[in-house]
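Throughout, protein chains are lettered first and strands after them, A, B, ... in sequence-line order, and every chain is numbered starting at 1.
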There are 2 protein chains.
Amino acid sequence: MTVMETTGTRTGRRPDGEDRYTISEVVAFTGLTAHTLRWYERIGLMPHIDRSHTGQRRYTNRDLDWLDLVGKLRLTGMPVADMVRYAELVREGDHTYGERFELLKATREDVLARIDELRGTLAVLDRKISFYADAGRPLASERSR
Amino acid sequence: MTVMETTGTRTGRRPDGEDRYTISEVVAFTGLTAHTLRWYERIGLMPHIDRSHTGQRRYTNRDLDWLDLVGKLRLTGMPVADMVRYAELVREGDHTYGERFELLKATREDVLARIDELRGTLAVLDRKISFYADAGRPLASERSR
DNA sequence: TAGGACCTTGGAGTGCACTCCAAGCAAGCG
DNA sequence: CGCTTGCTTGGAGTGCACTCCAAGGTCCTA
């Protein structure tokens, strides 16, 4: 894997105040590519990331928290555009609390619905699996393909 | 919605033997578009569908069953290519039982993992939601964005 | 101070899963 | 018979979420 630890740091997060991570450290934390991190910033899914005096990105613990949330939302199937909308609400300040609340509640419902769908699928899979398990050797005709 | 019932049929499935559905009936059953149904056939995700004497598709109850399964697998996030692989195994006959069994079991594990991920996301959402609920009106500073 | 690994940008390219188009044949109705 | 709606095909186009490229500047270690 060749993860060079440039500044003698451990693999984990550093305490607030010493949290200025390079893009490759963030890659290691999140599993995203550097390309994707830059792209997230371009489309407004990230706040503008702090820069070193030479213009290189320096991510903070707060940025990492945000990326964790994005990662969670991403695997609910939420479109990136919706996450960008949420990011905009955060940037717009406190007066968007209500809208954020509604958005999160709607997302919660989506997640519950998706879990239900998956449970339905699981039931179908289990029926098929037990069909194939019973038919250790092929029987007459198979309808449950 | 304007669902014209061309042959005086009810909206539901007909019994085996009278099951020769047009593509638009299948659209109504599955929610897929006609384009998608033809595309599924082209890429080998469907068996070759029976045709009328003039070459129009006539789907059977069995085809509908298959589309139900495909729909379930689709919403687990399984790539279409993997579903095509499964369809090929079915076409190849009984001697692929073992491989189908393994594929279904692996899919089952994926589904379980995905449900777990979603539960994790749900927990995060619930924490944020209760944060926004508590902060009925904005308090000092908001870290949990 | 030299070398290699790492970082920057705008813009172009990729893969997936559809989605649509044009041109023409088919089916049911008055 | 003509009309409207539906179905056929191969191939091209779309939208999303990345993913990569070229050309060049930066950082660290020997």
Side-chain angles (χ1 to χ4, degrees), chain A residues 1-9 20-46 48-60 63 67 69-87, chain B residues 1-9 20-46 48-60 63 67 69-87:
Chain A
M1 284 249 172
T2 321
V3 177
M4 268 288 168
E5 291 170 11
T6 0
T7 43
T9 43
R20 291 177 63 75
Y21 307 99
T22 64
I23 199 164
S24 61
E25 284 178 299
V26 178
V27 165
F29 286 144
T30 61
L32 298 168
T33 70
H35 297 300
T36 301
L37 287 168
R38 294 191 197 103
W39 179 68
Y40 277 2
E41 198 178 333
R42 260 197 290 184
I43 64 174
L45 182 52
M46 295 290 295
H48 276 297
I49 300 300
D50 201 25
R51 302 302 167 111
S52 73
H53 67 106
T54 54
Q56 297 196 348
R57 287 172 181 79
R58 293 294 179 259
Y59 292 82
T60 63
D63 296 324
L67 282 170
L69 174 62
V70 166
K72 296 278 187 213
L73 293 179
R74 209 167 50 107
L75 55 80
T76 68
M78 180 186 278
V80 166
D82 290 4
M83 292 191 267
V84 170
R85 173 75 191 130
Y86 185 68
Chain B
M1 283 249 176
T2 321
V3 177
M4 268 287 169
E5 290 167 13
T6 359
T7 42
T9 45
R20 289 176 64 76
Y21 307 99
T22 64
I23 199 166
S24 59
E25 284 179 299
V26 178
V27 165
F29 286 144
T30 62
L32 297 168
T33 70
H35 297 300
T36 301
L37 287 168
R38 294 191 198 104
W39 179 67
Y40 277 1
E41 198 178 333
R42 258 196 292 184
I43 63 174
L45 182 52
M46 295 290 296
H48 276 297
I49 300 299
D50 200 24
R51 302 302 167 111
S52 74
H53 68 106
T54 54
Q56 297 196 348
R57 287 172 182 77
R58 294 293 179 259
Y59 293 82
T60 64
D63 296 325
L67 282 169
L69 175 61
V70 166
K72 295 278 186 213
L73 292 179
R74 210 167 50 107
L75 55 81
T76 69
M78 180 186 277
V80 166
D82 291 4
M83 292 191 269
V84 170
R85 174 74 192 131
Y86 185 69

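Taking both residues in full, the closest heavy atoms of B:G44 and B:A87 are given as O-CB, 3.6 Å, listed atom of the first, atom of the second, then distance. In this structure, B:L32 and B:T36 approach most closely via the heavy-atom pair CD2-CG2, 4.2 Å. Residues A:I49 and A:R58 come closest through the heavy atom pair CG2-O, 3.6 Å. What you find for B:Y21 and B:V26 is that their closest heavy atoms are CB-CG2, 4.0 Å.
Per the geometry, CD belonging to B:E25 stands 12 Å off P belonging to C:dG28, to the nearest Å. Atom CZ in B:R42 sits roughly 9 Å away from atom P in D:dG11 (whole-Å rounding). Atom P of nucleotide C:dC7 and atom CG of A:L37 are separated by 11 Å, given to the nearest angstrom. Distance, B:Y21 OH to C:dA27 P: 20 Å, rounded to whole Å.
Scored by the side chain to side chain donor-acceptor pair (under 3.5 Å) test, B:E41 finds B:R51, B:R57 as partners (sequence neighbours excluded). With sequence neighbours left out, B:D50 forms a salt bridge (charged side-chain N to carboxylate O under 4.0 Å, His left out) with B:R20.
Interatomic distance, A:D82 CG to A:L45 CG, rounded to the nearest 0.5 Å: 11.0 Å. For the atom pair CE of A:M83 and NZ of A:K72, the computed distance is 13.5 Å after rounding to the nearest 0.5 Å. Atom CG of residue A:L37 and atom OG1 of residue A:T30 lie 5.0 Å apart, to the nearest 0.5 angstrom. Here the CE atom belonging to B:M46 is positioned 5.5 Å from the OH atom belonging to B:Y59, to the nearest 0.5 angstrom.
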Pairs: protein N or O with nucleotides 14-17 of chain D N or O, under 3.5 Å:
from	atom 1	to	atom 2	distance (Å)
D:dA17	OP1	A:V80	N	3.2

Set out, line by line, the N/O atom pairs under 3.5 Å between protein and nucleotides 21-23 of chain D.
none

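Under 4.0 angstrom from either OP1 or OP2 of C:dC7 there lies at least one side-chain N or O belonging to A:S24.
Less than 4.0 Å separates DNA chain C from at least one heavy atom of each of the following residues of residues 49-57 of chain A: A:R51, A:G55, A:Q56, A:R57.
Between B:L67 and B:F29 the shortest side-chain heavy-atom distance does not fall below 4.5 Å.
Ranked by how close their nearest DNA chain D nucleotide is to the 5' end, B:E41 and A:R58 are led by B:E41.
Rounded to 10°, the angle separating the first-five-pair axis and the last-five-pair axis of the helix from C:dT1-D:dA30 to C:dG30-D:dC1 equals 10°.
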